[in-house]
Every structure is written in C-alpha cells, then in structure tokens.
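These notes concern the structure reproduced below.
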Amino acid sequence: MASPRKLIVLISGSGTNLQALIDALNTPRLPNATISLVLSNRKAAYGLTRAAQADPPIRTASLALQPYLKSNPGKTRDDYDAEVAKIVLNEEPDIVVLAGWMHILGDKFLEPLEQVKSEEGSARKAIPVINLHPALPGAFDGAHAIERAFEAFQKGEIDSGGVMVHRVIKEVDRGEPVIVREVPIEKGESIEAFEERLHKVEHEIIVQATAMVLDEVNPVSS
Ligand SMILES: Nc1nc2c(c(=O)[nH]1)N[C@@H](CN(C=O)c1ccc(C(=O)N[C@@H](CCC(=O)O)C(=O)O)cc1)CN2
Ligand SMILES: NCC(=O)N[C@@H]1O[C@H](COP(=O)([O-])[O-])[C@@H](O)[C@H]1O
C-alpha cells in the first residue's frame, strides 16, 4: 500500500470539523490518509484536545499571532505568516485544510506553498490549501457569516444559507469552490437550529472536499 496521504489541519476553535476528518481517516470516505499535524492559532482551542485524544494521538502545535508579535519585537504579521508556512512545509503535507482557522493568510504563507521546492531544488507542484466557509460563494465573505446570513434572512433578503469548501487564494473566501451546498433557513426557526443543520452539512463536505482535492494531487491508487 502506498504511504498515507498527509493532511495538515489548521483550526482556531472547537474542532468539530477536525473531528469529522479524524473519524473519516482510513475509511472509504478518506482512504489511506493521516493527519500529521493540527495547528491552532489559539492555544485554548478544544480541537487541540480532540487531536491529542485521537487514536492514535495526532501531533499538535499552536502559534497565536499576538503572543508571537509580543515575544518577537520587530516581527510583523508577515513574519507570523512565514512562520506558519515553515511549520506546514516542514511536515511535507499533500494538503492543508483550514477547518475554522480564523486568521487571514497573506502572501508570506501562500507563496511558499505555491512553489514548493523538491530536494534537487527544482520547483514542483503547489500544496493545495482548502477552506471551509459557512456561506454560499460571494454571499457573506469573512467572519461571522452564519449570523450575517441569519440576519439577512430575517430581513427577507435571502431565503437560504449555505456552506462551501473552496481553494484558498489571497482574496478571502473568493477561491474556486470545490463543493457548495445550500442550507435553507426555515421561517421561525432559531439561529441555533439553523446552525445545527448547517454544521451537519459542514461535517460531510469537509471530508468529501478533502478526499476530492487529495485525489487530484496524490490519488489513493498511486
Ligand atoms: N488568504 C486567505 N486566508 C484565509 C481565507 C481565505 O479565503 N484566504 N479563509 C479564512 C477563513 N475565513 C472565512 O472562511 C475567515 C477567517 C477569519 C477572518 C478574519 O476576519 N480574521 C481576522 C481575525 C479575526 C479573529 O481573530 O477573530 C484577521 O485575520 O485579522 C476572515 C475570514 C482563513 N484565512
Ligand atoms: N470564515 C471561516 C469560518 O467561519 N469557519 C467556520 O468556523 C467553524 C469551525 O467550527 P469547528 O471548530 O467546530 O470545526 C465552522 O462553522 C466553519 O464554517
């Protein structure tokens, strides 16, 4: 059997989508795959506990922006992004999955992943980065998308929310969609009820999209 395809998962919070990926590892939904590292930009993220409690345990790391800047006087957000890229590239992953990673990544992260050098120094293919976003393409880019969609529904501006996994580019949430799923909002339902249905869809598509993009770069049969 070929060596397992390597995921790195970036998180900031509870990690329920990370858990969906963990639960799918080496099943027909995500065959011959391993999560080599879970990186959080918040050290208190419960997703780090989920990774540590996985069987087998998954390596974790955390690097928060503000403490990084405080302990490295003179360093900038770009330096932080470059450090995140270094951590990621050190793992030599097949794919990077942003699963609730709440930090906008700049060129100092994106560029090194676009031009990964092989041992001989020749450029080889990019490492894909995908992101889970709880909105339809172009609807509610950025943070707090669920709340914004629900509010727009209350105002009669939309009748459906949605979820997508998209490729990550510099423009936030504007990368090519990999999977898009509408999640209708029901009249009179609470935001909690809407969110619960939406998260269920997230937990499905994050696994499906990861498997799809993994198969593009390192097919399971290879
Ligand atoms: N270059 C890109 N970086 C990121 C993308 C992307 O598409 N391109 N997706 C985001 C995920 N995301 C929405 O899907 C998102 C996350 C966070 C923010 C944001 O405003 N972050 C603030 C800090 C907010 C906080 O710490 O609570 C910031 O980075 O200054 C917007 C969109 C991940 N990165
Ligand atoms: N803009 C990015 C964004 O809002 N991402 C959202 O963060 C949550 C992470 O949940 P989790 O930590 O339980 O996986 C998910 O709902 C995901 O769509």
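Whatever order the structure lists them in is the order used to number ligands and atoms, beginning at 1. By convention here, the first residue in the shown sequence is residue 1.
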Fill in: Subset of ligand 1 atoms that lie under 4.0 Å from at least one heavy atom of His133
13 (C), 14 (O)
Discussion item. If I take atom CG from residue Asp141 and atom NE2 from residue His133, how far apart are they, to the nearest 0.5 angstrom?
Written reply: 5.5 Å
Item to complete: Mark yes or no for whether Arg5, through its side chain, and Asn32, through its backbone, hold a donor-acceptor pair below 3.5 Å.
Response: yes
Worksheet item: By number and element, which atoms of ligand 2 are closer than 4.0 Å to a non-hydrogen atom of Gly142?
Response: 1 (N)
Practice prompt. Quick one: look up the protein heavy atom nearest atom 18 (C) of ligand 1 and list residue, atom name and how far away it is.
Written response: Ile104 CG1, 3.8 Å
Worksheet item: Is any side-chain heavy atom of Leu98 less than 4.5 Å from a side-chain heavy atom of Leu105?
Response: yes
Fill in: Identified side chain to side chain donor-acceptor pair (under 3.5 Å) counterpart of His199 within the set Glu196, His203, Glu195
Glu195
Worksheet item: So do the side chains of Pro134 and Glu202 get within less than 4.5 Å of each other, counting heavy atoms only?
Response: yes
Practice prompt. Report the part of Asn131 in contact with ligand 1, treating N, CA, C, O as backbone and CB onward as side chain, heavy atoms under 4.0 Å; options are side chain, backbone, both, neither.
Written response: side chain
Discussion item. Measuring from non-hydrogen atoms of Gly142 to any atom of ligand 1, is the shortest distance under 4.0 Å?
Written reply: yes
Discussion item. For atom 2 (C) of ligand 2, what's the nearest protein heavy-atom neighbour? Residue, atom name and distance, please.
Written reply: Met102 SD, 3.7 Å
Discussion item. Please list the nearest protein heavy atom to atom 13 (O) of ligand 2 with its residue and the distance rounded to 0.1 Å.
Written reply: Thr16 OG1, 2.5 Å
Worksheet item: Quick one: are Asn17 and Val97 in side-chain contact, heavy atoms under 4.5 Å?
Response: no
Practice prompt. Spell out, as yes or no, whether a donor-acceptor pair under 3.5 Å connects the side chain of Thr34 to the backbone of Pro4.
Written response: no
Item to complete: Within a distance under 4.0 Å of any heavy atom of His199, pick out the atoms of ligand 2 and give their elements.
Response: 16 (O)
Worksheet, complete the sentence: Heavy-atom proximity to atom 10 (O) of ligand 2 ranks first, among Asp141, Val165, Asn17, for Asn17
Discussion item. Please check whether His103 reaches ligand 1 - meaning an N/O of the residue sits under 3.5 Å from an N/O of the ligand, judged on distance alone.
Written reply: yes
Worksheet item: atom 28 (C) of ligand 1: which protein heavy atom is closest, and how many Å away?
Response: Arg77 NH2, 3.5 Å
Item to complete: For the pair Asn26 (side chain) and Ala33 (backbone), establish whether a donor and an acceptor sit closer than 3.5 Å, ignoring hydrogens and angles.
Response: yes
Discussion item. Using a 4.0 Å cutoff against the non-hydrogen atoms of Gly100, which atoms of ligand 2 qualify?
Written reply: 5 (N), 7 (O), 9 (C)
Worksheet, complete the sentence: So the atoms of ligand 2 within less than 4.0 Å of a heavy atom of Glu202 turn out to be 15 (C), 16 (O), 17 (C), 18 (O)
Practice prompt. Report the C-alpha distance between Leu132 and Ile205 in whole Å, list the side-chain angles of each, state the deciding distance to 0.1 Å, and finish with yes or no for side-chain contact (heavy atoms from CB on, under 4.5 Å).
Written response: CA-CA 9 Å; Leu132 173 70; Ile205 69 168; 4.2 Å; yes
Worksheet item: How close does the nearest protein non-hydrogen atom get to atom 5 (N) of ligand 2, and which residue and atom is it?
Response: Leu132 O, 3.8 Å
Worksheet entry | Interfacing atoms of ligand 1 (cut-off 4.0 Å, heavy-atom, Trp101) | 11 (C), 16 (C), 33 (C)
Response to the item:
atom 12 (N) of ligand 1 sits nearest the protein heavy atom Asp173 OD1, 4.0 Å
Discussion item. Just to check, does Arg174 reach to within less than 4.0 Å of ligand 1 when the distance is taken from its heavy atoms?
Written reply: no
Practice prompt. Counting heavy atoms only, name the option from Ala143, Pro134, Gly15 that's nearest to atom 4 (O) of ligand 2.
Written response: Pro134
Worksheet entry | Same apolar cluster (I L V M F W Y, side chains within < 4.5 Å links), Leu7/Leu113 | no
Worksheet item: Among protein heavy atoms, which sits nearest to atom 8 (N) of ligand 1, and what does the distance come to when rounded to 0.1 Å?
Response: Ile169 O, 2.8 Å
Worksheet entry | atom 27 (O) of ligand 1 [closest protein heavy-atom partner, distance rounded to 0.1 Å] | Arg42 NH2, 2.8 Å
Practice prompt. Please test Lys108 against Asp79 for side-chain contact (heavy atoms from CB on, under 4.5 Å), starting from the C-alpha separation and ending with a verdict.
Written response: CA-CA 7 Å; Lys108 294 301 179 195; Asp79 295 315; over 6 Å; no
Discussion item. Considering non-hydrogen atoms of the protein only, which is the closest contact for atom 3 (N) of ligand 1, and what is the distance?
Written reply: Leu105 N, 3.0 Å
Worksheet item: Is Met164 near ligand 1, meaning one of its heavy atoms is under 4.0 Å from it?
Response: no
Worksheet item: Less than 4.5 Å apart, any side-chain heavy atom of Pro112 and any of Lys86?
Response: no
Practice prompt. Please check if the side chain of Arg148 supplies one atom and the backbone of Ala143 the other of a donor-acceptor pair under 3.5 Å.
Written response: yes
Worksheet item: Hey, are the side chains of Glu83 and Lys75 touching, using non-hydrogen atoms and a 4.5 Å cut-off?
Response: no
Worksheet, complete the sentence: Looking only at non-hydrogen atoms, the one of His166, Glu171, Gln66, Met102 nearest atom 23 (C) of ligand 1 is Met102
Response to the item:
Residue, atom and distance of the protein heavy atom nearest atom 1 (N) of ligand 2 read His133 ND1, 3.3 Å
